[in-house]
Amino acid sequence: MLVDGRAEGTVPGFSLAAGGLELPANFRGDPQQHPDSDTVLLFTAGGPVLTYHGEDLRFWSVQWPGDLLTIPRGTPYVVDVLSGHLGSTGYVVRSTGSLLDDNLARPDLDDRAAAMARTARENWEEWAPAPGRCTVVPFTSVAPVVTPQGHRIRPLVDGEPGGTTPGMRLSVGGLDVPGAFLAHPHHHPGTDVLVLPTECPAEGALTLHGQQLEHDAVQHSGDLLPIPAGREFAHTVQNLSLTEPIGRVYEFRSGPTVLCDNPRLPALLPIAERRGRAALERRHGVDAVAEHLRAANPRSRDPFPNRGAVLTTTPDAGRES
């Protein structure tokens, strides 16, 4: 259990729960369901994972590393890792404060799960998945949009009526963050946010946070960063690599969509620029940072009239600046 919102948990009061999954080859879980919480599974390494779901487990899905699988509240399901492949590792995120809450075992489905596994393991490559109420969402299957904070985000899991997964109480966005990118400072008044980069440069991603962005946290691939709702948890992110993008970032939220609840905080931008620039210079040197950003802004005679400014490097982000 990585993120737990119970009073004695890792993030007291947080409205999402997250755990790390390490499933060996030939693993098959017990049938279960969560009557009042939605679930998202994400596997990041290993072979394909089969999931049987629905009232009689007659629906099934194939999930590859990087894909999200949504399991709406009240849906029975069984996770099955193929015996002929490596085991799988990844994450489970739920719309509840703890993974220990809202778990209903379904032993009445044990025989059905075993029968599904016997058949599906032999024929899964020839069968077309039957999605039922669950949805597999590959990262690249949804086009990105530009948010107020300057990110290009893919609304992978969106519970709004016109979204990819109508009715889900949690949402997931997919980000790719260019080298040296700095997001506009912002906060989320009504939603808790859980950030997970899975393809991160060696330098990592710097999140500045706090009332005046006075705190910082550096994430590397596989690290989870919970950001509670509210103005006191204002934040921005700086890619600490000058050239290498953060290839995949999954942003889980406690609301049905990632496309709202993102007000910018312009008064914090000078602080973000100063602290972000300083972090880049500590890692790469003053001259390297200046040269890189000068090359990214060739039309400017002096791209840094105010020492300490950090400029974003993508055209979309630049229009937001």
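Along the sequence shown, residues carry numbers from 1.
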Looking at [Y], is its backbone amide N or carbonyl O close enough to the side chain of [X] to form a donor-acceptor pair, meaning the two atoms are under 3.5 Å apart?
X: Gln238; Y: Ala205; value: no
X: Asp192; Y: Ala229; value: yes
X: Thr164; Y: Asp158; value: yes
X: Arg152; Y: Pro144; value: no
X: Arg112; Y: Asp56; value: yes
X: Thr10; Y: Leu2; value: yes
X: Thr135; Y: Thr70; value: no
X: Glu214; Y: Gln212; value: yes
X: Thr236; Y: Ala183; value: yes

Roughly how far apart are [X] [atom1] and [Y] [atom2], rounded to 0.5 Å?
X: Thr165; Y: Glu160; atom1: OG1; atom2: CD; result: 10.0 Å
X: Leu104; Y: Gln32; atom1: CG; atom2: CD; result: 9.5 Å
X: Leu242; Y: Glu203; atom1: CG; atom2: CD; result: 7.5 Å
X: Leu208; Y: Leu268; atom1: CG; atom2: CG; result: 10.5 Å
X: Asn239; Y: Asp176; atom1: CG; atom2: CG; result: 10.5 Å
X: Leu156; Y: Ser141; atom1: CG; atom2: OG; result: 6.5 Å

Subject >> ILVMFWY cluster membership beyond Trp64 - transitive side-chain contacts under 4.5 angstrom >> reply: Leu50, Tyr52, Leu57, Trp60, Val62, Val78, Leu82, Leu109, Met116, Trp124, Trp127
Original post:
Between Arg121 and Asp80, does at least one N-O distance fall below 4.0 Å, as a salt bridge requires?
Top reply: yes
Distance-only polar pair, side chains of [X] and [Y], donor-acceptor under 3.5 Å:
X: Asp4; Y: Ser98; result: yes
X: Asp102; Y: Ser37; result: yes
X: Arg253; Y: Thr191; result: no
X: Thr243; Y: His292; result: no

Quick one: do [X] and [Y] end up in the same hydrophobic cluster if we chain Ile, Leu, Val, Met, Phe, Trp and Tyr together by side-chain heavy atoms under 4.5 Å apart?
X: Leu206; Y: Val237; value: no
X: Leu99; Y: Val40; value: no
X: Phe139; Y: Val172; value: yes
X: Leu240; Y: Ile271; value: yes
X: Leu16; Y: Leu225; value: no

Can you check whether [X] reaches [Y] side chain to side chain, under 4.5 Å on heavy atoms?
X: Met168; Y: Pro256; value: no
X: Pro155; Y: Val142; value: yes
X: Pro76; Y: Glu55; value: yes

Any chance the rings of [X] and [Y] have centres within less than 6.0 Å?
X: His235; Y: His186; result: yes
X: His188; Y: Phe233; result: no
X: His34; Y: Tyr77; result: yes

Would you name the heavy atoms of [X] and [Y] that are closest together and state the gap between them?
X: Ala234; Y: His187; result: CA-CB, 4.0 Å
X: Ser221; Y: Cys200; result: OG-N, 2.8 Å
X: Gln63; Y: Leu68; result: NE2-C, 3.9 Å
X: Gly46; Y: Pro65; result: O-CG, 3.2 Å

Kindly check if the number of other-residue, nucleotide or ligand heavy atoms within 6.0 Å of [atom1] ([X]) is above 12?
X: Gln211; atom1: CD; answer: yes
X: Asp108; atom1: CG; answer: yes
X: Asp111; atom1: CG; answer: no

**OP:** For Leu21 and Leu41, run side-chain contact (heavy atoms from CB on, under 4.5 Å): C-alpha distance rounded to whole Å, both residues' side-chain angles, the deciding distance at 0.1 Å, then the answer.
**Re:** CA-CA 9 Å; Leu21 299 172; Leu41 298 180; 4.2 Å; yes
**OP:** Report the C-alpha distance between Thr198 and Leu196 in whole Å, list the side-chain angles of each, state the deciding distance to 0.1 Å, and finish with yes or no for side-chain contact (heavy atoms from CB on, under 4.5 Å).
**Re:** CA-CA 6 Å; Thr198 62; Leu196 169 64; 4.0 Å; yes
**OP:** Decide yes or no on side-chain contact (heavy atoms from CB on, under 4.5 Å) for His53 and Ser61, but give the supporting numbers first.
**Re:** CA-CA 8 Å; His53 44 84; Ser61 302; 2.9 Å; yes
**OP:** Please report the C-alpha distance between Thr75 and Cys134 in whole Å, then the side-chain angles of each, then the deciding distance to 0.1 Å, and finally whether the side-chain contact (heavy atoms from CB on, under 4.5 Å) criterion is met.
**Re:** CA-CA 8 Å; Thr75 305; Cys134 299; 4.0 Å; yes
**OP:** Check the pair Arg73 / Asp36 against salt bridge (Lys or Arg N to Asp or Glu O under 4.0 Å), numbers first and verdict last.
**Re:** CA-CA 5 Å; Arg73 54 196 175 277; Asp36 198 42; 5.1 Å; no
